[in-house]
Amino acid sequence: MTRAPSTQQLRDWDRRYLWHPFTQMQEWEKEEPLIIKRGKGCYLIDTEGKKYLDGTSSIWVNIHGHRHPSLDRAIKKQLDNIAHSTFLGLSNPPAIELARELIRIAPKGLTRVFYSDNGSTAVEIALKMAVQYWQQRYPNAGPKNTFLHLKLAYHGDTIGAVSVGNIDLFHARFKPLLFPTVEAEPPHCYRCPLKLTYPSCNMACTEPIEEIVKNRHGELAGLIIEPLMQAAAGMIPQPPGYLKRIRDLCTRFNVLLIADEVATGFGRTGKMFACEHEGVTPDLMAISKGLTGGYMPLAATLTTDEIYRGFLGRYDEFKTFFHGHSFTGNPLGCSVALANLSVFRRDKTLARLASKIKLFRRLLAPLEALPQVGDIRQRGFMVGVELVKEKTTKALYPLGAKVGHRVAAIARSKGLILRPIGNVLVLIPPLSISDKELEKLVDILKESIETLHIDAESINGTHNNRQ
Ligand SMILES: *Cc1c(COP(=O)(O)O)cnc(C)c1O
């Protein structure tokens, strides 16, 4: 047997051969990459045996912790049968059982499951289904083939998903490749562009969206939204009632509502799906991140009977949905997703989450007093802590100052892994986190922000003016 490469060897190879996502590699090449070898519960363990609290659920995917015995067992058991067989012209038991389970827990009215393997593809599939549906269902109506979406939206990194996204830093460069869409201002209560306050505003921010839908529904195949929370935008929540109003608007004007629950699904907001908070059933729903408990790449697009039926016909009518992936319906992924859902049931994960959400809120409250914390936004277990240069004016730190990254670096040295979005520190711990671990997570975050305080002042040179 050959010896496992040393940490130093791995670091060298990483810097020599790899290209990491969303990473400035020129900086990375100068760093000592942290290499995670193992995990246990809410902890990640590096090649040197050092433990870190997984404050992002490994970028929003992990649900019941790492090395969960039931999830581990499900994969091992499936492996004794088969790792993968195609879903084109064949089926497999875990994919069938999972579809049935997903329909049981999904918002009422969603009746069909189309598998893929990541959040972006689940979104692409929803967009393509919507366009083809209108062509086939109402062939004589005008072409409904564009989409309305919110500014600051993030629906993934493939070209279709980027087309309905709007985060300039990630997307602007690819404009020439994107299809045209219609954009609307999202609600943003902390920085309300209308300078109004909820609830006395009566959500005036929905009026321009109503206008757009009223005037352009003839060309709109759908409206796509991250329900309750625009996550990658920096955790920007929608006020209560917002999603319901959007649903009603879509129904009224025959525009399909596409809910991108990739981030919010599987308990992250306190309910299984964010749409449940508003009693809303979308026409299409994309799920991925938490679907397998964070174990395997798997995704699904769920839809209604009405849309499904729009694709039925004789073969030579060619109403088939011509879309699929090599790993569609992957049995290993589906097995572990089934185990994920049975742990939800057996451990009453959602019922037990309610008190943890309250504790999380209580623990976060003192952070509001910190001079550089502008806003704390929480929806269940999705939290954004926005750092500002000046609290009263809400003045932003320049992106180049990398304040979020610097806080994350301090947190890492204290044993907590965070991944900020600009100046927003994002906390999305696994739902299985204990009260004690939650306390530790917020403690480290607080200490890290306080440490940065001194630092940021020296950078701005303001400490010279202090007494
Ligand atoms: C992460 C994310 C996606 C993209 O999922 P990937 O698996 O990374 O392709 C899409 N929509 C939302 C809301 C997400 O948070």
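Every heavy atom of this structure was used, including side-chain atoms; hydrogens, water molecules and symmetry mates were not. Whatever order the structure lists them in is the order used to number ligands and atoms, beginning at 1. Not measured: the values here are computed from a predicted model.
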Q | Partner of Val255 by side-chain contact (heavy atoms from CB on, under 4.5 Å), out of Ile212, Leu223, Leu148 | A | Leu223
Q. Ring centres of His323 and Phe321 under 6.0 Å apart?
A. yes
Q. Considering only heavy atoms of Ala263, which atoms of ligand 1 have at least one such atom less than 4.0 Å away?
A. 15 (O)
Q. Have Thr121 and His325 got a donor and an acceptor in their side chains that come within less than 3.5 Å?
A. no
Q. Is the NZ or CZ atom of Lys394 both under 6.0 Å from the centre of the six-membered ring of Tyr190 and within 45° of that ring's axis?
A. yes
Q: Could you give me the CA-CA distance, side-chain angles and deciding distance for Thr56 and Arg419, then say whether side chain to side chain donor-acceptor pair (under 3.5 Å) is met?
A: CA-CA 7 Å; Thr56 72; Arg419 177 87 186 176; over 6 Å; no
Q: Find all atoms of ligand 1 within a distance of less than 4.0 Å from any non-hydrogen atom belonging to Gly156, and give their numbers and elements.
A: 4 (C), 10 (C)
**Q.** ligand 1 to Asp260 polar contact by distance, N or O atoms, under 3.5 Å
**A.** yes
Q) For atom 5 (O) of ligand 1, is the nearest protein heavy atom closer than 4.0 Å? A) yes
Q.
With a 4.0 Å cut-off on N to O distance, would you call Asp283 and Arg247 a salt bridge?
A. yes
Q: Taking only heavy atoms of Gly119 into account, list the atoms of ligand 1 that are under 4.0 Å away from them.
A: 4 (C), 5 (O), 6 (P), 7 (O), 9 (O)
Q.
If the cut-off is 4.0 Å to any non-hydrogen atom of Asn118, which atoms of ligand 1 fall inside it?
A. 7 (O), 9 (O)
Q. Should you measure from each heavy atom of Ser120, which atoms of ligand 1 turn up under 4.0 Å away?
A. 4 (C), 5 (O), 6 (P), 9 (O)
Q.
Within ligand 1, which atoms have a heavy atom of Trp60 less than 4.0 Å away?
A. 15 (O)
Q) Does the side chain of Glu437 come under 3.5 Å of the side chain of Tyr43 through a donor N or O and an acceptor N or O? A) no
Q. When you measure from atom 15 (O) of ligand 1 to every protein heavy atom, which one gives the shortest distance, and what is it?
A. Lys289 NZ, 2.6 Å
Q: Give the numbers and elements of all ligand 1 atoms closer than 4.0 Å to a heavy atom of His155.
A: 10 (C), 11 (N)
